[in-house]
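One-based numbering, in listed order, for ligands and for the atoms of each.
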Amino acid sequence: MAHPGPLGRGEVHLWRISLADHDGRLTKFAGALVEEERLRAERFRFDRDRNLYVLSRGALRLLLSAYTGQRADELEFRYGSQGKPSLASDGLQFNLSHSGGLCTAVFARGIRVGVDIEEKARDASFLDLAERFFAPSERRALARMPEERIRDAFYAVWTRKEAYIKALGEGVTHGLDNFSVTVEPGAERPRVHSDRDPLAAETWSMISFEPQAGFAGAMAMEGQGHRITTLEFVPDGV
Ligand SMILES: CC(C)(COP(=O)(O)OP(=O)(O)OC[C@H]1O[C@@H](n2cnc3c(N)ncnc32)[C@H](O)[C@@H]1OP(=O)(O)O)[C@@H](O)C(=O)NCCC(=O)NCCS
């Protein structure tokens with residue numbers, strides 16, 4: 001894999017990783033896993049789920065190896081109380097998301113980061129889902145949207161909320177209706193407003209992106225004005 005280059009302060013690298021098993025990727029990525037991960041992979045009932053796990057975990061290890069200079073199969077993970085992985089030996093910040101055969105991973109130094117991608121359903125009861133999960137201000141803004149924009153706005157909100165709680169390292173335990181994000185899907189600088197962190201709108205920034213047609217993506221970063229580079233993961237020799 002071409003080296004991603006140094007990750008300076010204020011820089012954020014956002015990687016797109018295809019999880020299609022082409023050109024022997026599966027074998028190569030499986031070689032980066034440790035015993036515990038191989039055992040976890042074996043426990044998946046369906047080949048498809050097993051392969052997606054091996055490909056995304058293997059790609060994560062190969063990228064972490066490129067950033068830290070450590071061997072992929074010697075990297076040791078620690079897990080936060082809600083399961084967010086971090087490295088035992090390096091303060092590198094990273095996060096990963098996968099959906100429907102696609103994966104994205106984000107890396108930074110000294111900046112907490114979270115990423116989420118979702119394959120968009122063609123048709124669903126988006127307003128009903130919003131009633132269940134979103135904050136009141138988000139529900140109202142979504143209900144005011146023209147019919148043809150509701151789906152995109154729904155996924156913009158969903159991925160922004162997920163990216164933020166993933167940057168914090170929390171899962172649904174954070175609660176999803178006690179903070180809100182910008183609902184406008186095309187917003188240049190979406191923001192987060194949180195009861196728990198009144199300064200969040202100034203101390204966090206976000207972007208939305210389309211990792212592939214039919215997918216929505218968002219990334220949340222601590223601080224403002226970071227230099228974001230998007231990269232495509234193409235491992236060597238495959
Ligand atoms: C992990 C979590 C935060 C996101 O799950 P998800 O969207 O299904 O999965 P993603 O593919 O985006 O992310 C999974 C990856 O995030 C990382 N991760 C796991 N726990 C995490 C946490 N607490 N915080 C941040 N990252 C985490 C791991 O690398 C994981 O990869 P793995 O499954 O291969 O080990 C999940 O615990 C959660 O709480 N989801 C909320 C679901 C929901 O109701 N959302 C409504 C949004 S409005």
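For a threshold of 3.5 Å applied to N or O pairs, the pair formed by G83 and ligand 1 contains at least one separation below that value. Polar contact check, S97 against ligand 1: a nitrogen or oxygen pair lies under 3.5 Å apart. Note: no N/O pair closer than 3.5 Å links K161 and ligand 1 by distance alone. An N or O contact shorter than 3.5 Å is missing between W158 and ligand 1 by distance.
Within a 4.0 Å radius of atom 1 (C) of ligand 1, the protein has no heavy atom. For atom 36 (C) of ligand 1, no protein heavy-atom neighbour is present inside the 4.0 Å cut-off. The protein reaches atom 13 (O) of ligand 1 closely, with a heavy atom under 4.0 angstrom from it. Remark: atom 8 (O) of ligand 1 lies closer than 4.0 Å to no protein heavy atom.
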For E170 and R196, what are the C-alpha separation, side-chain angles and deciding distance, and is it a salt bridge (charged side-chain N to carboxylate O under 4.0 Å, His left out)?
CA-CA 13 Å; E170 301 185 23; R196 271 180 30 178; 2.9 Å; yes

Checking salt bridge (charged side-chain N to carboxylate O under 4.0 Å, His left out) for the pair E131/R139: CA distance, chi angles, key distance, verdict?
CA-CA 6 Å; E131 278 301 315; R139 299 201 295 256; 3.6 Å; yes

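A salt bridge does not link D177 with R132: every distance from a Lys NZ or Arg NE/NH1/NH2 to an Asp or Glu carboxylate oxygen is 4.0 Å or more. The existence of a salt bridge linking R149 and E184 is confirmed by a sub-4.0 Å separation between a basic side-chain nitrogen and an acidic carboxylate oxygen.
The side-chain heavy atoms of I17 and L55, taken from C-beta on, include no pair separated by under 4.5 Å. The side-chain heavy atoms of D152 and K120, taken from C-beta on, include a pair separated by under 4.5 Å. In this structure, the side chains of D90 and R109 come closer than 4.5 Å at one or more pairs of heavy atoms.
Atoms of ligand 1 lying under 4.0 Å from at least one heavy atom of R57, given by number and element, are 35 (O). Atoms of ligand 1 lying under 4.0 Å from any heavy atom of G169, numbered from 1 in the order shown and given with element: 23 (N), 24 (N).
Nearest protein heavy-atom neighbour of atom 26 (N) of ligand 1: N95 ND2, 3.0 Å. Ranking protein heavy atoms by distance to atom 11 (O) of ligand 1, first place goes to H98 N, 2.9 Å. In this structure, atom 31 (O) of ligand 1 lies nearest to the protein heavy atom L96 CD2, 3.6 Å. Shortest contact from atom 10 (P) of ligand 1 to any protein heavy atom: K166 NZ, 3.4 Å. Counting only heavy atoms of the protein, atom 24 (N) of ligand 1 lies nearest to K84 CB, 3.5 Å. With respect to atom 46 (C) of ligand 1, the closest heavy atom belonging to the protein is L176 CD1, 3.4 Å. Taking atom 47 (C) of ligand 1 as the reference point, the nearest protein heavy-atom neighbour is E162 OE2, 3.4 Å. In this structure, atom 23 (N) of ligand 1 lies nearest to the protein heavy atom Q82 O, 2.8 Å.
Looking at L168 against ligand 1, nothing comes within 4.0 Å, counting heavy atoms. At a heavy-atom cutoff of 4.0 Å, ligand 1 is contacted by the side chain of D116 but not by its backbone. Contacts with ligand 1 closer than 4.0 Å are made by side-chain heavy atoms of P85 only, the backbone lying farther away.
Ring centroids of H13 and Y67 are separated by less than 6.0 Å, placing the two rings close together. Between F134 and F154, the distance separating the two ring centers is shorter than 6.0 angstrom. Taking the six-membered ring for Trp and the full ring otherwise, the centers of Y155 and F215 sit at least 6.0 Å from each other.
G114 does not count as a contact of ligand 1, since none of its heavy atoms falls under 4.0 Å from the ligand. Within the 4.0 Å heavy-atom shell around ligand 1 one finds F134.
Both the sub-6.0 Å distance and the 45° axial angle are satisfied by K161 relative to the ring of F179. By the 6.0 Å and 45° rule, R57 stacks over the aromatic ring of F77.
In terms of hydrophobic clustering, with Ile, Leu, Val, Met, Phe, Trp and Tyr side chains grouped at heavy-atom distances under 4.5 Å, F46 and V54 are assigned to different clusters.
Remark: R38 CZ is packed, more than 12 non-hydrogen atoms of other residues, nucleotides or ligands lying under 6.0 Å away.
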